[in-house]
Engineer: 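Let me give you the structure first, and then I'll get to my questions.
Each chain gets a letter, A, B and so on, in the order its sequence line appears, and its residues count up from 1.
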Amino acid sequence: MTVRTRFAPSPTGYMHIGGMRTALFNWLFARKHGGQFILRIDDTDQERNVASALQPILQAFRWLGLNWDEGPDVNGPHAPYFQGHRNHLYRAAADRLIAEGKAYRCFDPPEQIQADRDAATKDGGQYLNIRRSCDLTPTQIEENLAAGKPWVLRFLIPRDRKIELEDAIRGHVEWNAGLMSDPVIMRANGSPLYNFATVVDDSQMQITHVIRAEEHLSNTAVQILLHEALGHVPPIFAHIPYVAAPGSKEKLSKRKLEQYRKNPQFKILFDIADKIFPRIGLSNQGGLDPVMVEYYEKVGFIPAGLLNALARLGWSLDDQTELMSLDFITQNFSLERVVKGPAGFDPEKLLSYQAHWMNQLSADERTAGCLPYLQQAGLVPQQPSAVEHAKVRAVVAALNERIKIFSDVLTYDYFFKDVIEVSEKDFTKIFAKAGIRELLTECVPVLTNLSDWTVVSLEAAIKAFCESKGVGGGTLNQALRISTTGSPIGPGVFDCLELVGKEKSLERINAALAKLK
RNA sequence: GGCCCGUUCGUCUAGUGGAAGGAUAUCGGACUUUCGAUCCGAGUGCGCGGGUUCGAUUCCCGCACGGGCUGCCA
């Protein structure tokens, strides 16, 4: 039997990072077993514009390179893949359940149900449906229907049953059906509810493995019963732990964003956004935050980094292996090695994976990734000349492992600006050293007379100069750096000089000296 | 309230009835050219209380904490 897994997102307008992890596990399992991965859109409760709310979700999959075999845009043999368009299937299944006495039209108004519930639980009791509508005769039901009396369809829970599940991750779990109330499976307007639609669809789409977050574990009891009532063999279920907020065991939620801003670990990511988004013209952070997959794409993460981090959130290969490519993970993924406890999302770890995979990229790939940030920040033209492009490439190469995410290149904007911002604190500190100002002054003619403005020549010339003055070869370096870049951090100082260029370097050094007088 | 799931360094995790391993973060050192780069080193942990046992992080029970379901949400 071919393995078939699915991910069923609601078109919410963004892709949740935790949902992405669930989707990844489904994708990995399908790929590992040579099966199919299906994307099904859960729009049963949506009034909004499904198409536009879906785009960011599809884009997240595309960006990460997680392709789907059936679903939106690609379709497939079990179309349509939008639950909103599958009503005929739910209707048919519902009719069968009614005909077989396994579901009933419940004419009790919501207020009545609520009153029943209150009465039952008032003294700490257990609520179960009173099932008044089950006592109606066929004639009475016809009369109610003819009179247009509103109803919902409820699944008749077989209360004498024990439900057993062999979960692929959690092992044996069981429930007593006698404690479960009859779930509504279809609304008054004929639209299906989640537990029902998912059962009908999973069966019709021949899903073999339902891999989903553990918040669905309790739903599984109803779903198993529904599968049985409809004559299906239930799929294999695998409930993976939820993704928690950094440093906590609380489920990661978009509703707690303000709280996350104060979270010391999460703060790293918010800080990146605060720093980058205004510079690339996204006001109000572009409506993006670190709970959304789009955020990572926009600030310049690469898929390999995020993918590695997500895969390790609740799954491990062994006691050693941390750095894994998607191909490697695919070959080695197994549900047996998914952990049971919740996995806290860890931005620090994500950044370290990201750094590793960024370093695997070629200079050209990194240049291509950094270029858009420089362009959006107005530091490089939209149509760069060959010279401008080469400059970007040279800067990116010199920056080397200092670039962890593509937008980091903006930290070193002094290579592209006409007027640099000088870190006054560092400037003052560096020039406070006795004799430095004089030394730099005397160094100017040496630099001016240097015809070959390259790292090698610069290093040789400056070292020779320092030695001629009887000071160590590195004495001037910090002063040169702060004068020409304005910043205490960056590539090697001779790289900086070469990249800034002779004319601009001298100009900036003279400006610094002028400021010291 | 009822039912179900979970709990190993700050964090992600490995693992075992007999001295708890890796990664990341942190701290310290090195690189006599910086650094948020790189290299090296160090410290840090089995939620609590019972029980079984010669011995429990590992098995059992209870508790606490976290999560979920108990919805005409998914």
Engineer: B:U26 pairs with which nucleotide, Watson-Crick or G-U wobble, both distances below 3.5 Å?
Structural biologist: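 Pair assignment: B:U26 / B:A42.
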Engineer: Look at all strands and tell whether A:Tyr242 reaches a base, only sugar-phosphate, or nothing, counting heavy atoms closer than 4.0 Å.
Structural biologist: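 If one applies the 4.0 Å heavy-atom cut-off, A:Tyr242 turns out to touch the sugar-phosphate alone, with no base involved.
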Engineer: Let's see if you get this right: which residues in residues 338-349 of chain A place a heavy atom under 4.0 Å from RNA chain B?
Structural biologist: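 A:Val339, A:Lys340, A:Gly341, A:Pro342, A:Ala343, A:Gly344, A:Asp346, A:Glu348, A:Lys349, in order of number.
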Engineer: Which part of the nucleic acid, if any, lies within reach of A:Val184 when heavy atoms closer than 4.0 Å are counted: base, sugar-phosphate only, or nothing?
Structural biologist: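 If one applies the 4.0 Å heavy-atom cut-off, A:Val184 turns out to touch the sugar-phosphate alone, with no base involved.
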Engineer: Would you kindly check whether a donor in the side chain of A:Arg170 faces an acceptor in the base of B:C5, or vice versa, at under 3.5 angstrom?
Structural biologist: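 Side chain to base: no pair below 3.5 Å.
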Engineer: So what does A:Arg481 touch, heavy atoms closer than 4.0 Å: a base, only the sugar-phosphate, or nothing?
Structural biologist: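 Base: the residue A:Arg481, judged by heavy atoms under 4.0 Å, touches a nucleobase.
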Engineer: Using a cut-off of 4.0 Å on non-hydrogen atoms, how would the nucleic acid contact of A:Val493 be classed: base, sugar-phosphate, or nothing?
Structural biologist: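 Base, at least one base atom sits under 4.0 Å.
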Engineer: Using a cut-off of 4.0 Å on non-hydrogen atoms, how would the nucleic acid contact of A:Ile482 be classed: base, sugar-phosphate, or nothing?
Structural biologist: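 Touches nothing.
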Engineer: Among B:G71, B:A74, B:U11, which nucleotide has an atom closest to any side-chain atom of A:His216?
Structural biologist: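 For the A:His216 side chain, the nearest candidate turns out to be B:A74.
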Engineer: Of the nucleotides B:C72, B:U33, B:G22, which one has an atom closest to the side chain of A:Gln320?
Structural biologist: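 The listed nucleotide nearest to A:Gln320's side chain is B:G22.
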Engineer: Tell whether A:Asn195 reaches the base of B:A74 with its side chain through a donor-acceptor pair below 3.5 angstrom.
Structural biologist: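 No pair found.
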Engineer: Taking atom P in both B:G50 and B:G55, what distance in whole Å separates the two?
Structural biologist: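 Here B:G50 and B:G55 have their P atoms 15 Å from each other.
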Engineer: Looking for any heavy atom pair under 4.0 Å, which part of the strands does A:Arg337 touch: base, sugar-phosphate only, or nothing?
Structural biologist: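 Contact class for A:Arg337: sugar-phosphate only.
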Engineer: Tell me the partner of B:G62, counting only Watson-Crick (N1-N3 plus N6-O4 or O6-N4) or G-U wobble (N1-O2 and O6-N3) with both under 3.5 Å; none if nothing fits.
Structural biologist: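 By the stated definition (distances under 3.5 Å), B:C48 pairs with B:G62.
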Engineer: Base, sugar-phosphate, or nothing: which does A:Glu322 touch, judged by heavy atoms less than 4.0 Å apart?
Structural biologist: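 Contact class for A:Glu322: base.
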Engineer: Which part of the nucleic acid, if any, lies within reach of A:Ser181 when heavy atoms closer than 4.0 Å are counted: base, sugar-phosphate only, or nothing?
Structural biologist: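 If one applies the 4.0 Å heavy-atom cut-off, A:Ser181 turns out to touch the sugar-phosphate alone, with no base involved.
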Engineer: Is there a donor and acceptor pair, one atom on the side chain of A:Ser218 and one on the base of B:G68, closer than 3.5 Å?
Structural biologist: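 Present.
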Engineer: Among B:C72, B:U34, B:U11, which nucleotide sits nearest the side chain of A:Pro488?
Structural biologist: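 Minimum distance to the A:Pro488 side chain belongs to B:U34.
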Engineer: Answer with base, sugar-phosphate or nothing: what part of the nucleic acid does A:Tyr353 contact at a heavy-atom distance below 4.0 Å?
Structural biologist: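 Nothing: the residue A:Tyr353, judged by heavy atoms under 4.0 Å, touches no strand.
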